[in-house]
Structure formats: C-alpha cells, structure tokens
Amino acid sequence: MTDTPETKPLDSTRDKPFEPVMIGFTCNWCSYRAADMAGISRMKYAPNVRLIRLMCSGRLDPTFVFKAFAGGADAVLVSGCHPGDCHYATQNYKAMRRFHLMQRVLAQMGIEPARLKLLWASAAEGQIFANEITKFVEEVRALGPLNWNTKPNAVEVPAEIPVEEVQA
Amino acid sequence: MSKPKFAMYWAASCGGCEIAVLNIHEKILDVDAAFDVVFWPVAMDAKYKDVEAMPDDSITLCLWNGGIRNDENEHMAHLLRKKAQILVAFGSCACEGCIPGLANFSSTQDMIDTAFSTITTDNPDNIRPQASYAMPEGIITIPTINPILKTLDQVVDVDYYMPGCPPESHQIAAVIDLVIAALNGKAQLPPKGATIGAGNSTVCDECPRKRNVKAIKEFNRIQLMAADPELCLLEQGIPCNGPATRSGCNARCPSAGAQCIGCYGPAEGVVDYGARLIAAFASVIDSDKPDEIDKILDGLVDPAGQFYRFNLAGSLLRASKAAQTPKIG
Ligand code: SF4
Ligand code: SF4
Ligand code: FES
C-alpha cells in the first residue's frame, strides 16, 4: 500500500499537554474481569489506556504490539491471569516469553522497554489493576511522547531531476 | 506487429537480482525473442530522457529491483510506474527493503559516517557528498538521500511481488514463461498484488529435516557447534527463520546445513515478519521462569537483526527511532 496522508500517526492531532495514548490487552478470564470490577466499583484510574479484550494473553500476537506502536501508541500493556492460573493452562507463560523477547527487539528499535508492560491480575484484583494502570500512565508520561514517525522523508519529488547529458 | 517491451531497473540494491535474471541461461533468449528490451541500465545504454519520451503504459513488463534510498530512486519509481503496464517488485530489496534497509536501524548521520569515515575508508579530510556543489563549470548535483529506506510499494502502486535474495533462477524462468504465455493468450496472469515466483507456505514445509518436539534450553550459534545434519536446526537451538519465511527456494539453506535467514520474506498471511518469528521463537523456549527466560534469550545476540534482516523497511515499525531523526550534521 502506498503511503497516504491518512496514515499519519496519532500524535499530530494531539493537543498539549501530553496525555499518553496507550493500548492495553487483557484476557477474558482474569485481567478483563479485574478491569471490569474496577469500573463497576467506580475505582478511579487514569483513562489513558484503551483496553482490548483477548480470550487469553497467549493470543497476544506480537504483531498487535508493533501495530499499536507504529500507529501512534505511546505504550502498550499486556495483561493476563497470574502464572499458574491461565484458563488455557500454560498460555500466559507463552505470553511472558513473547513479552521478554519483544522488549529486547523494541529496545533495538529505540523504543524504551518501559513502554511495554506485563501485568498479572486476577478477577478479584480490580484495585491492583487500577493502581498499576495509574502508575504505568505516570511512568509513560515521564518518558514523554513516542512520536513514532517513519515517514519524515516526504521528499518533494522534483518533476524532473536536473541531469545534464554528457556527450560520450 | 511490434513486440511487447521489457524494462528492468535497479535502485538501492547489490546487482545480484540482475545477475539472477542473466542466470536463467538460454531462457534469456526467450526473453529476447518475446520482448523488445527498451531500458535495462545493467545490460544496455539508455538515458532517463529516453524513458521520459516513451508513451505512458508503453512498457509491457518492468522488473524493478532495489529499495528507495534517494530522490533519484523515487523519481524513477514514479516514472516507470507511469510507463509500465505491469510493474513487478523484483527481489527482496524492492519487496521489503532487504540488506540496504538495515540502514533503517541507524541515523542518517551514522550511516554516512560508516560509509565514508571508517577504518577501511581512505578519506583523511572526512569529505562528505553534497547534494549540490559549485564547480567552476557550474553547479553539479547528486541525488539527496532519504533518512529512511522505503520499499517500492511504499512509493508507488505495485502489480506483483517476486521475493528472494535474489529470486531463484528456476522461479524467474517460470514467471517469464507465464508472462509470455499470458501475452499469447495461453495463460492468465494472477490477480494484481499477488506474490509470484514463490510458494504459499513456509520454508519449514519444504525442509527435509526431521522434526520432533521443539523445546530448547539455549540458543546456539551454528558456527560454534557440530550441528546434527538431519535434525531441525531450531530444535538444536540454532535460530532458523524457516517458520515465518515464504517457501519457494526448496529450503535451500537448511538442506545445505545452514539456517534459513529469511530471504524469501514473510510467508503468506504474515503481516509482520519479525513479529511472527518472535511468536515462533518464544514458543520453543522451554522455561516458565522470567530469569531463566532472560538467560536463554541472552543467547540470541541480535534479535532485531535476526528477525528483520530482510524485512526491516517492510515491517510495521519500518525504522528505528534513530533513523527517524533526519538531521545530517
Ligand atoms: S526451523 Fe529451519 S531447520 Fe527446522 S524445519 Fe524449519 S526450516 Fe527446517
Ligand atoms: S532457506 Fe531461507 S535464506 Fe535460504 S534461500 Fe531459502 S528463503 Fe532464502
Ligand atoms: S486466560 Fe487469562 S492469561 Fe490465559
């Protein structure tokens, strides 16, 4: 797909002061219910994280994380059931291994590892979930905007390159 | 009736794709019989203005190899897009950036310094190329560099993709046969946007090595061990990119005793090549303990280089943060 102006990252539409844009992935059985509980119990926490529910943290394809960063997210949260408690037995260990490897790759791309967070939360831990999110938002606020922009080279293409022919 | 017209052009590339086309041996005579070669800088003399003078859509088939590194590449991509009916991103550089795209890990400054002022360069005055320079005879210009190398389809619309570094000769020959047959009404071209001259599965699918259970306690480097010649390399802890790589080469490298490094690019349906490999490699690590996982991962010395050797420019992130700072000092 050819680049179009519509694919601009989110930050260009952002007003000051900086409010981190964050994507959070939860699993259906624990962390989503924790988030739900935090909501139902009207616990206050920072509204910066847009939650996306997966069936299990093991469903987290690293593609989702890269897509979030490439699309303008300042940080990404990956959450699931506590080790040993995954509804699908051991899938959250797989998520953990992916998380460790992703952090290393992101660091090489110049994305601070702290912009990717792993959080275990059981269905009963609404308060912990809310507190951790607020903490994470503050950490990301301190890091500042990521401003991912891989299209800074919108070079103006001259209609014709000024080349002079040299007679052989 | 005049013959259909053929063009081939190179942008940021190594020249290997051109050699691969010549390497189809006597089949090249079929190309000559079926086409008028109107523009092919490696093989014949032609000027850009000759191409500019051609009517739009007058070139039937244009094979483009190389990434878009500077404004000359970009200009030629737009020009050949206008002049060609079928534009093929030919080879890994055009499809996904390939080795020239690895510069997307570094700032433009670092890239220029590496090219012009390392120990192997004889450049005591640290001279740098200037986009324009005043000579007594007048101002001379050279193309300006883009901070981020782009793939062909990030710049213009592409009809077909032909992966490989370089594409295998038998695949090139088959594609040429197909295009000639299609021009004679004897075959149909695949739908626009298709990948041609490659398979639809993964290198693993074509790999003859034996597979059991993939569960590894450490990553190994192939040059530092005596690898089992018949067992899957990844099972032996050797980082093999076969699970994410498109088939089409008959699993050349693992058949010959080396790991696949991914030159055929992402397999069908893979959005981000490195992300797929992260998923695959994380699955084979046999540990549930964060500390141990970290220790095992230390054995993977350059994960981003391992996962994006051919695909950085074509990946979702495209370039590192450093490369996104275009200032050149
Ligand atoms: S991982 Fe490599 S060695 Fe193993 S089956 Fe796939 S291509 Fe073959
Ligand atoms: S095995 Fe991998 S690196 Fe080797 S030729 Fe095939 S795709 Fe390329
Ligand atoms: S179901 Fe919650 S992590 Fe698997």
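Naming convention: chains lettered A, B, ... in sequence-line order (proteins, then strands); numbering from 1 in each chain. No experiment lies behind these values; they were computed from the predicted model shown.
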K.L.:
Measure distances from A/Leu106 to the heavy atoms of chain B and classify the residue's part below 4.5 Å as side chain, backbone, both or neither.
P.N.:
side chain
K.L.:
Evaluate A/Thr63 against B/Arg276 for side chain to side chain contact (heavy atoms under 4.5 Å, CB included), listing each step before the verdict.
P.N.:
CA-CA 7 Å; A/Thr63 310; B/Arg276 174 61 65 91; 6.0 Å; no
K.L.:
Show me the pairs that pass salt bridge (Lys or Arg N to Asp or Glu O under 4.0 Å) and involve residues 109-134 of chain A, at least two apart or across chains.
P.N.:
A/Glu112-A/Arg115, A/Lys117-A/Glu132, A/Glu132-A/Lys135
K.L.:
Taking all heavy atoms of B/Ala275 and all of A/Pro62, pick out the closest pair and write down the distance.
P.N.:
O-CG, 3.6 Å
K.L.:
Checking the side chain of B/Lys321 only, and the main-chain atoms of A/Asn149 only, is there a donor and an acceptor separated by less than 3.5 Å?
P.N.:
no
K.L.:
Give, for atom CZ of B/Arg318 and atom CZ of A/Phe66, the distance between the pair rounded to the nearest 0.5 Å.
P.N.:
15.5 Å
K.L.:
Any idea which heavy atoms bring B/Ser287 and A/Arg97 closest together, and the distance?
P.N.:
O-NH1, 2.8 Å
K.L.:
Is B/Asp45 close to chain A through its backbone or its side chain, or both, or neither, when contacts mean heavy atoms under 4.5 Å?
P.N.:
neither
K.L.:
Looking at B/Asp272, B/Ile293, B/Val271, which has the largest count of heavy-atom pairs under 4.5 Å with chain A?
P.N.:
B/Ile293
K.L.:
Which heavy-atom pair separates B/Ala282 from A/Arg98 by the least distance, and what is that distance?
P.N.:
CB-CG, 3.5 Å
K.L.:
Does any heavy atom of chain A fall under 4.5 Å from the side chain of B/Asn73, the backbone, both, or neither of them?
P.N.:
neither
K.L.:
Go through B/Leu300, B/Asp302, B/Val270, B/Leu312 and name the one with the most non-hydrogen pairs under 4.5 angstrom from chain A.
P.N.:
B/Asp302
K.L.:
More than 12 heavy atoms of other residues, nucleotides or ligands under 6.0 Å from NZ of B/Lys82: is that the case?
P.N.:
no
K.L.:
Counting heavy-atom pairs under 4.5 Å with chain B, which one of A/Met109, A/Met102, A/Lys67 comes out on top?
P.N.:
A/Met109
K.L.:
Looking only at heavy atoms, what is the nearest atom pair of A/Ala70 and B/Leu317, with distance?
P.N.:
N-CD2, 3.8 Å
K.L.:
Would you please test A/Arg104 and B/Asp294 for side chain to side chain contact (heavy atoms under 4.5 Å, CB included) and show each step?
P.N.:
CA-CA 10 Å; A/Arg104 288 174 185 239; B/Asp294 260 330; 2.9 Å; yes
K.L.:
Measure B/Leu79 against the heavy atoms of chain A and call it side chain, backbone, both or neither at under 4.5 Å.
P.N.:
neither
K.L.:
Relative to chain A, which of B/Ser283, B/Ser315, B/Ala304, B/Gly193 shows the most heavy atom pairs under 4.5 Å?
P.N.:
B/Ala304
K.L.:
When you compare the side chain of A/Leu101 with that of B/Phe307, does any pair of heavy atoms fall below 4.5 Å?
P.N.:
yes
K.L.:
Taking every non-hydrogen pair under 4.5 Å, which of B/Leu297, B/Asn70, B/Thr151 racks up the most with chain A?
P.N.:
B/Leu297
K.L.:
Does one side chain, of A/Asn147 or B/Gln324, offer a donor that lies under 3.5 Å from an acceptor on the other?
P.N.:
no
K.L.:
Taking all heavy atoms of A/Met96 and all of B/Asp288, pick out the closest pair and write down the distance.
P.N.:
CE-O, 2.9 Å
K.L.:
State whether the number of non-hydrogen atoms from other residues, nucleotides or ligands found under 6.0 Å of A/Arg59 atom CZ is greater than 12.
P.N.:
no
K.L.:
Is the shortest heavy-atom distance from the side chain of B/Ser320 to the side chain of A/Gln108 under 4.5 Å?
P.N.:
no
K.L.:
Considering residues, nucleotides and ligands other than B/Lys295, do more than 12 of their heavy atoms fall under 6.0 Å from its NZ?
P.N.:
no
K.L.:
Hey, is NZ on A/Lys44 packed in by over 12 heavy atoms from elsewhere, all under 6.0 Å?
P.N.:
no
